[in-house]
Asker: 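Sending over a structure as structure tokens; questions will come in a sec.
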There are 2 protein chains.
Amino acid sequence: MDSSELKKAGLKVTLPRVKILEIIESNADWHMSAEDVYKELLARGEEIGLATVYRVLTQFETADILKRHQFEGGKSVFELISKGDHDHLVCVKTGQVEEFHDPIIQERIAMIADQFDFDLTDYSLVIYGISRKATGKR
Amino acid sequence: MDSSELKKAGLKVTLPRVKILEIIESNADWHMSAEDVYKELLARGEEIGLATVYRVLTQFETADILKRHQFEGGKSVFELISKGDHDHLVCVKTGQVEEFHDPIIQERIAMIADQFDFDLTDYSLVIYGISRKATGKR
DNA sequence: ATTCCTGCAAATCATTTGCATTACC
DNA sequence: GGTAATGCAAATGATTTGCAGGAAT
């Protein structure tokens, strides 16, 4: 059950939090914005305010349940950290997102941080391109 | 002279545009936000509106004179494309920005885009960390 | 002259916050 | 029951846009 994850994070198990986590989990293959989550809540007939969605998403980020990404265009999108370590390719035409993992790049990043005397805390890598296969996703 | 750059880009040579380009060029070692440019204009006694700064910066971006970056925190920052190809390290404590160039990473990125059938248009790589040298820049 | 540009204020967009009310433990 | 969480509306912060007046070619 999801509640354990919430408790573990020191968050009270409330209906909005459970519902929001459910929605993110049932859409684990995409990257949802606060607005997306809110719309999905409405679609499911839940009475949860947009402000709460923003608050909860931020709490989940702090609790290391979600990771926030910016990609292009003002809005943040989120994905489950439990999905593991990966970076993204984004199609600039369709918005389609693909995931990849490249140890060589990661090793280089660690090396570069070290060269510059930085304690690496995180990095962000997004590849933008035009997908040659018309996946027309979403 | 700067005017040639503007003309080449199909932009009329106007005082705001020349002044803004001057400011960016004279601060080529940092990454300025629209607000930063605006403040610098005021400091230099120029009467140029913030809206114009935003408009001009966007035009320069479209004309491939500037590149826009997001880094952390809502605001966009800009830098001259003529500075060449590089990526960034950002100190999460001080905001200090360092630049690096790594052909191996770039080659990998090209390879990955190709594997996923993407025509690479661009990518964004930012390394976040805590600088061990207190550069206390800016 | 004509078309493009600028300044200003008002409009947007995404996100945040104050506060009274309500829901968990 | 007490504290933490939520909903709503209003506040923010960054950026954009409409429009009337001003410049550049």
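To find a chain, count down the sequence lines: A is the first, B the second, and so on, and within it residues start at 1.
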Asker: Is it the case that the side chain of A:H101 and the backbone of A:D85 share a donor-acceptor pair, with hydrogens and angles ignored and the cut-off at 3.5 Å?
Answerer: yes
Asker: With no hydrogens and no angle check, is any side-chain donor or acceptor of B:D36 less than 3.5 Å from a backbone partner on B:S33?
Answerer: yes
Asker: With sequence neighbours excluded, tell me which residues meet side chain to side chain donor-acceptor pair (under 3.5 Å) with B:H31.
Answerer: B:E79, B:H88
Asker: Starting at OH of B:Y38 and ending at P of C:dT6, how long is that distance when rounded to a whole Å?
Answerer: 15 Å
Asker: To the nearest Å, give me how far apart CD (B:Q59) and C1' (C:dC4) are.
Answerer: 10 Å
Asker: For side chain to side chain contact (heavy atoms under 4.5 Å, CB included), just list the numbers for B:F118 and A:V90, CA-CA rounded to whole Å, side-chain angles, deciding distance to a tenth of an Å, and then say yes or no.
Answerer: CA-CA 9 Å; B:F118 271 58; A:V90 178; 5.8 Å; no
Asker: A:D102 side chain to A:I105 main-chain N or O, any donor-acceptor pair under 3.5 Å?
Answerer: yes
Asker: Got a list of side-chain donor-acceptor pairs under 3.5 Å for residues 45-55 of chain A, not counting sequence neighbours?
Answerer:
none

Asker: My understanding is that only residues two or more places apart in sequence, or in another chain, count here; which of them pass salt bridge (charged side-chain N to carboxylate O under 4.0 Å, His left out) with A:D87?
Answerer: none
Asker: Does the A:S124 side chain pair with the main chain of B:V126, one donor and one acceptor, at a distance under 3.5 Å?
Answerer: no
Asker: On DNA chain D, which is the earliest and which the latest nucleotide, 5' to 3', with an atom closer than 4.0 Å to a heavy atom of chain B?
Answerer: D:dA14 to D:dA24
Asker: Walk along nucleotides 19-25 of chain C from 5' to 3' and tag each nucleotide B, S or - by protein heavy-atom contact under 4.0 Å, base first, then sugar-phosphate.
Answerer: -----BS
Asker: Considering every strand and a 4.0 Å limit on heavy-atom distances, what is the contact class for B:I48: base, sugar-phosphate, or nothing?
Answerer: sugar-phosphate
Asker: How far apart are the C-alpha atoms of A:F60 and A:R17, what are their side-chain angles, what is the distance that settles it, and do they pass the side chain to side chain contact (heavy atoms under 4.5 Å, CB included) test?
Answerer: CA-CA 9 Å; A:F60 285 0; A:R17 301 217 256 238; 4.2 Å; yes
Asker: Checking A:D114 side chain against A:A110 main chain: does a donor-acceptor pair fall under 3.5 Å?
Answerer: no
Asker: Using nucleotides 13-15 of chain C, report all nitrogen or oxygen pairs with the protein that are shorter than 3.5 Å.
Answerer:
unit_1: C:dA14; atom_1: OP1; unit_2: A:K75; atom_2: NZ; d: 3.1
unit_1: C:dT15; atom_1: OP1; unit_2: A:S76; atom_2: N; d: 2.9
unit_1: C:dT15; atom_1: OP1; unit_2: A:S76; atom_2: OG; d: 3.3
unit_1: C:dT15; atom_1: OP2; unit_2: A:Y54; atom_2: OH; d: 2.7

Asker: Which residue lies toward the 5' end of DNA chain D, B:T52 or A:T52, if each is placed at its nearest nucleotide?
Answerer: A:T52
